[in-house]
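The chains referred to below are lettered A, B, ... by the order of the sequence lines, with proteins before strands, and numbering in each begins at 1.
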Amino acid sequence: MTEPQNTLAEIRATRIGKVAACREQGIDPYPYRWESTHSHADLQAKFAHLEPGAEVDLGVAVAGRVKAKRVLGKLAFLNLEDESGTIQLYLERQALQTAFEQLKHLVDLGDILGAQGTLKRTERGELSIKVTSYTLLSKALQPLPDKWHGLTDVAKRYRQRYVDLMVNPQVRQTFRTRALITAALRRYLDRRGFLEIETPVLQTEAGGADARPFVTFHNTLELPLYLRIATELHLKRLVVGGFEKVFELGRIFRNEGVSTRHNPEFTSVEVYQAYADYQDMMALTEDLVTTVAQEVLGTLQISYQGVSVDLSPPWRRVTMAAVVQAETGLDFEKFTTLPEARAAAEALGIEGLEGCLSPGQVMNAVFEQRVEATLVQPTFVLDYPVEISPLAKTHRSKPGLVERFELFVVGRETANSFSELTDPLEQRRRLEAQAARRAAGDEEAAGVDEDFITALEYGMPPTGGMGMGIDRLVMLLTDSASIRDVIAFPLLRPES
RNA sequence: GGGUCGCUAGCUCAGCGGUAGAGCAUUCGGCUUUUAACCGAUUGGUCCCGGGUUCGAAUCCCGGGCGACCCA
């Protein structure tokens, strides 16, 4: 241990040597329990008014990770960090004797320590614990990243999130906020009588959305299974069964690319309310998001990546046709044939029109490529083409459209809602059209879920449904640029 | 899928054709009010990988890997 040790392997070997040294000196480097009297934030708040130089003869116990260590001859200072914050430990050799020497040689940055002592504010104004005894609670074998610059390598931050969390407090704050958001959302729905019911992740038909599923296999049943791409079809079965207000907040899996906005597994909440339509769901969505934002952030005026966003209701409501016309000048209500719609879109430079088989799909392509990004302030876009909405009821007054809205904020689709299609025969026709697309090679198109159709045949009340991307909501409310910043362990390609 | 940028010590980074560098961390010593402590010393490298050009490559070229950003 007297030789210099500097590669990671050597640093680790040195620390393993310290583990052995601890045991030789009767110190358990991995003990079982510790009881603190206060969190660090508690102490900082409770003694905020203690004068520099003043001491309080109150015994306290704290614990946390050693983030800084300054030994000054017969005196030492440690910064100890717990989940709530940091507090300084003040240690004197005179008071600690051998424990002081052990501190110098056996305690490293990154170790977890418990400490008991009394409070004092140092001459320099730092609230400190004048330590009477301390206990090693866990010996760290790996060194902490740079104490000042922390860990900035993005790949390493995602691959070793525990290190990221350890040294970047704002990352901890993001996940704390995420937990507050989902808790507030559940509280909101609970207050309004919605019941959270868990539906299967493993399914024999992956329906409810246009997406490629992950495939797996049940050995005993010798059954190919899909991971769900939506919770929609099972939650609707629950509505058929008589639950009038249900929701599920859970993980969805889509076998798609990875980007700043997409992770193969992500979290959605889907909400279904019997006897309601999409107008009711719009009111619910607006109220839900503003309530959650108000509870979690305490304001509806937020900033996202430098852009001010005003979440105050009422939010803008505009039909897809109207907003497309406003942004591009194209009036799709006048196009009756595919060729004229395509020609108009082509003139705008819209791409991917080969896949569009109807004027409605062309309008949607124009919307996605020219309009979405402009919808920065919260906006409900209403009344989508029926061809791209197989689970939505046709519009009660506008032919060719369905009663559907999507919510856009900062240019991103954040929620999607329908007056749910409840006519079983119509639903069968729509799903069979999807299945035909799949047979023709579209891997994002779903097959027909026969049991779902049968459920509808038993009779489903008029129902409003809404699905919302939780990750995108958390990104918005935590000002996070990438979905990977709001998913604790995002999917990455393995190294090497 | 395309383009741009990045990858050098445990961490943060410099070096951009001529002996592999700094700060922090580590290790040792000093120091009774520090807080990015300080002072002195010590030490640490598959310069992402493979190939090429060159007397000589971390540096230039080609291919690959991983990542970031932008575009689709």
*Does a side-chain N or O from A:Arg493 land closer than 4.0 Å to OP1 or OP2 of B:rG67, or not?*
yes

*Could you give me the CA-CA distance, side-chain angles and deciding distance for A:Ile129 and A:Leu119, then say whether side-chain contact (heavy atoms from CB on, under 4.5 Å) is met?*
CA-CA 5 Å; A:Ile129 292 167; A:Leu119 286 159; 4.1 Å; yes

*Would you say the base of B:rG23 and the side-chain of A:Asp146 have a donor-acceptor pair closer than 3.5 Å?*
yes

*Hey, does the side chain of A:Lys69 come within less than 4.0 Å of B:rC24's phosphate (OP1/OP2), counting only N and O?*
no

_Less than 4.0 angstrom between a side-chain N/O of A:Thr152 and OP1 or OP2 of B:rC13, yes or no?_
yes

*Could you tell me the separation between the OH atom of A:Tyr158 and the P atom of B:rC66, rounded to a whole number of Å?*
17 Å

*asked:* Pairing check on B:rC38: which nucleotide meets the Watson-Crick or G-U wobble criteria with it, both distances under 3.5 Å?
replied: B:rG30

*Would you say B:rC24 has OP1 or OP2 under 4.0 Å from some side-chain N or O of A:Lys147?*
no

*Could you let me know what B:rA9 is paired to, Watson-Crick or G-U wobble, both distances under 3.5 Å, or none if it's on its own?*
none

*Do A:Lys120 and B:rU33 share a donor-acceptor pair, side chain to base, under 3.5 Å?*
yes

*Nearest-Å distance for atom pair CG/C1', residues A:Leu96 and B:rU32*: 13 Å

*Strand partner of B:rA14, provided both Watson-Crick or wobble distances fall under 3.5 Å*: none

_Gap between atoms CG and P, on A:Leu8 and B:rA25 respectively (whole Å)_ = 17 Å

*Figure out the CG/C1' separation between A:Asn6 and B:rC24, and round it to whole Å.*
12 Å

*Partner of B:rU4 by Watson-Crick or G-U wobble geometry, both contacts under 3.5 Å, or none?*
B:rA68

*asked:* Tell me if a side-chain donor or acceptor on A:His40 pairs with a main-chain N or O of A:Gly85 at a distance below 3.5 Å.
replied: yes

*Name the residue closer to the 5' end of RNA chain B, choosing between A:Leu151 and A:Glu351 according to the nucleotide with the nearest heavy atom.*
A:Leu151

_Is the distance from the ring center of A:Tyr278 to that of A:Phe418 below 6.0 Å?_
no

*Ionic contact status for A:Arg65 with A:Glu81, cut-off 4.0 Å*: no

*Considering Watson-Crick and G-U wobble pairs with both distances under 3.5 Å, what does B:rG56 pair with?*
none

